[in-house]
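Structure first, then comments.
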Amino acid sequence: MVQQSVTQRKGQINIVLRQSEVLQETADAALSEATKKHMPLERIQQEMEQLIGLKEMKYLLKEVYAWLYVNKCREENGLKQNTQALHMMFKGNPGTGKTTVARLLGTLFLEMNVLSKGHLIEVERADLVGEYIGHTAQKTRELVKKAKGGILFIDEAYSLARGGEKDFGKEAIDTLVKAMEDHHKDFILILAGYSDEMEHFLSLNPGLPSRFPLVIDFPDYSNEQLLEIAKKMAAKRQYRFSRETEWKLKQSFIKKRERETNAFSNGRFVRNIIEKAIRKQAVRLLQADVIDRSALELLLPEDIPIED
């Protein structure tokens with residue numbers, strides 16, 4: 001009788017354990033399906049996490065994805081969709097990641113079927129503005145045509161409004177505004193430039209601000225963030241810094257900021273200083289008797305240039 005009782009209890013335990021395993025497998029499967037469902041966002045977020053800073057942009061990315069996804073769910077359930085333009089304005093100094101983010105957005109919108117190609121066409125004033133009346137509109141329309149299915153990214157866009165009423169830049173703006181309406185379903189326009197200049201640019205045409213519902217600030221990187229960027233750039237090239245070299249780098253960031261208070265070039269400055277350091281290290285190693293792997297990898301303080 002005792003043995004029978006134990007057997008029954010073991011049977012009950014086995015049944016309970018099996019039920020628990022089934023529930024766990026079901027939960028894992030549901031989680032896996034949810035992950036697959038939002039795979040485009042997961043992939044882009046992983047890439048964004050490799051970028052230093054950009055907290056506002058990272059949140060906005062998830063917000064835009066959520067809005068697009070829910071809008072698709074509303075359509076599938078017979079509800080009215082909320083139409084919203086995705087034209088954007090990026091404001092900030094050079095080297096703050098604006099072009100990199102634009103490329104990632106193209107990839108995300110392609111995977112979500114918002115764009116048919118997801119490519120990025122990057123242009124500036126000279127690519128848009130022609131030499132005679134009508135030439136600018138023609139050049140601008142051709143670039144819009146190339147950008148269809150993707151993103152047209154105009155850097156230093158405020159320069160289109162610098163020449164006054166008689167400048168052909170105004171013709172480019174008018175052509176772009178029309179294109180935003182005519183091709184809004186398969187074309188996204190992103191204007192980028194310095195914060196103050198972009199604010200002035202918007203003020204010149206009352207209809208422009210409403211056409212760019214997504215305005216994102218790209219703040220300057222802190223000195224610590226610049227150092228992280230420098231480490232990533234160096235590691236990618238198979239170089240590393242000593243602790244003294246890191247201190248020298250920070251000093252170079254501080255001095256550069258003091259001279260360029262309104263137009264600090266952030267990541268571009270870091271890239272330039274790393275490339276200069278690599279060249280200086282090469283000259284230094286010319287005098288070495290033995291060049292081993294460690295010497296080839298290490299950038300020393302004397303390799304870091306500080307501009308006078």
Side-chain angles (χ1 to χ4, degrees), residues 48 51-64 67 84-106 120-129 136-137 140 143-144 147 151-181 183-184 187-222 225-226 256-269:
M48 286 289 291
L51 303 178
I52 306 297
L54 301 177
K55 184 177 180 180
E56 180 185 352
M57 186 66 237
K58 289 172 182 177
Y59 175 77
L60 181 68
L61 184 74
K62 187 172 184 178
E63 190 176 76
V64 170
W67 173 73
Q84 188 178 114
L86 291 172
H87 303 300
M88 306 179 191
M89 182 169 290
F90 292 174
K91 299 191 301 181
N93 282 332
T96 47
K98 297 187 290 293
T99 306
T100 300
V101 168
R103 289 196 184 99
L104 290 175
L105 286 172
L120 181 77
I121 302 292
E122 185 177 358
V123 300
E124 54 188 22
R125 177 188 164 92
D127 300 305
L128 296 162
V129 178
T136 295
T140 304
L143 285 170
V144 169
I151 294 173
L152 181 61
F153 182 88
I154 305 178
D155 200 12
E156 297 183 358
Y158 51 82
S159 63
L160 294 172
R162 276 185 169 171
E165 286 296 319
K166 295 183 180 180
D167 184 74
F168 292 137
K170 186 177 183 300
E171 189 178 347
I173 296 172
D174 294 340
T175 306
L176 287 168
V177 168
K178 187 175 186 305
M180 291 166 73
E181 294 296 328
H183 308 293
H184 67 278
F187 158 69
I188 292 175
L189 178 64
I190 298 180
L191 304 184
Y194 297 111
S195 298
D196 292 342
E197 281 84 348
M198 292 306 291
E199 286 295 331
H200 177 66
F201 173 73
L202 286 177
S203 70
L204 296 176
N205 188 325
L208 279 176
S210 62
R211 298 179 189 277
F212 294 93
L214 301 172
V215 179
I216 301 100
D217 289 308
F218 285 72
D220 285 343
Y221 293 110
S222 68
Q225 288 174 330
L226 289 173
K256 188 69 172 178
R257 284 184 194 277
E258 289 173 353
R259 288 190 300 273
E260 298 183 2
T261 54
N262 296 321
F264 181 56
S265 57
N266 292 276
R268 293 182 191 176
F269 174 68

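Atoms considered below: every heavy atom in the structure, side chains included; atoms not considered: hydrogens, waters and symmetry mates. Please read all numbers here as calculations on a predicted model, not as lab measurements.
In plain terms, the two heavy atoms of Phe153 and Ala192 that are nearest each other are CZ-CB, 3.6 Å. The two atoms that bring Ala157 and Met198 nearest to each other are CB-CE, 4.1 Å, heavy atoms only. Here the closest heavy-atom approach between residue Ala85 and residue Pro213 is recorded as O-CG, 3.2 Å. The minimum heavy-atom distance between Gly95 and Tyr221, with the atom names listed, is O-CE1, 3.3 Å.
Look at Lys170 and Asp174 and you find a salt bridge, because one of the NZ, NE, NH1 or NH2 atoms lies within 4.0 Å of a carboxylate O, short of that distance. Ion pairing between a basic and an acidic side chain is recognised when a charged N comes within 4.0 Å of a carboxylate O; Glu199 and Lys91 show such pairing.
Interatomic distance, Met48 CE to Thr100 OG1, rounded to the nearest 0.5 Å: 9.5 Å. To the nearest 0.5 Å, atom OG1 of residue Thr140 and atom CD1 of residue Ile173 are 10.0 Å apart. Atom CG of Leu143 and atom CD of Glu122 lie 12.0 Å apart (nearest 0.5 Å). Taking CG of Leu60 as the reference point, atom CG of Leu105 lies at 8.0 Å (rounded to 0.5 Å). We find the CZ-OG distance between Arg257 and Ser265 to be 10.0 Å, quoted to the nearest 0.5 Å. To the nearest 0.5 Å, the span separating OG1 on Thr99 from CG on Leu104 amounts to 11.0 Å.
Under the 4.5 Å side-chain criterion, counting only non-hydrogen atoms from C-beta, Leu152 is not in contact with Ile190. Proximity of Tyr194 to Pro94: side-chain heavy atoms (C-beta onward) are separated by under 4.5 Å at one or more points. Side-chain atoms of Val129 and Leu160, non-hydrogen and from C-beta on, do get closer than 4.5 Å to each other. Phe90 is not listed as a side-chain neighbour of Leu191, based on a closest heavy-atom distance of 4.5 Å or more. In this structure, Val101 and Phe218 have side chains that are in contact, with non-hydrogen atoms separated by less than 4.5 Å. In this structure the side chain of Ile216 never reaches within 4.5 angstrom of the side chain of Met89, judged on heavy atoms. The shortest side-chain heavy-atom distance between Glu63 and Tyr59 falls under the 4.5 Å cut-off. When side chains are defined from C-beta on, Ile121 does not count as touching Val144, because their heavy atoms never get closer than 4.5 Å.
Using a 3.5 Å distance cut-off with no hydrogens or angles, the side chains of Lys98 and Thr96 do pair a donor with an acceptor.
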For this session: Could you give me the CA-CA distance, side-chain angles and deciding distance for Phe264 and Leu226, then say whether side chain to side chain contact (heavy atoms under 4.5 Å, CB included) is met?
Result: CA-CA 12 Å; Phe264 181 56; Leu226 289 173; 3.6 Å; yes

For this session: Test Asp220 against Asn93 for side-chain hydrogen bond (donor to acceptor under 3.5 Å, both in side chains), laying out the working first.
Result: CA-CA 7 Å; Asp220 285 343; Asn93 282 332; 3.0 Å; yes

For this session: Could you go through the side chain to side chain contact (heavy atoms under 4.5 Å, CB included) check for Leu208 and Val177 one step at a time?
Result: CA-CA 8 Å; Leu208 279 176; Val177 168; 3.9 Å; yes

For this session: Evaluate the criterion side chain to side chain contact (heavy atoms under 4.5 Å, CB included) for residue pair Glu56 and Asp217; output intermediate values, then yes/no.
Result: CA-CA 8 Å; Glu56 180 185 352; Asp217 289 308; 3.8 Å; yes

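Panel note: side chain Glu124, backbone Asp155; no donor-acceptor pair is recorded below 3.5 Å. A distance-only check finds a donor-acceptor pair linking the side chain of Ser222 to the backbone of Gln225 [under 3.5 Å].
Using cut-offs of 30° and 60° on the angle between ring planes, the pair Phe212 and His87 is perpendicular.
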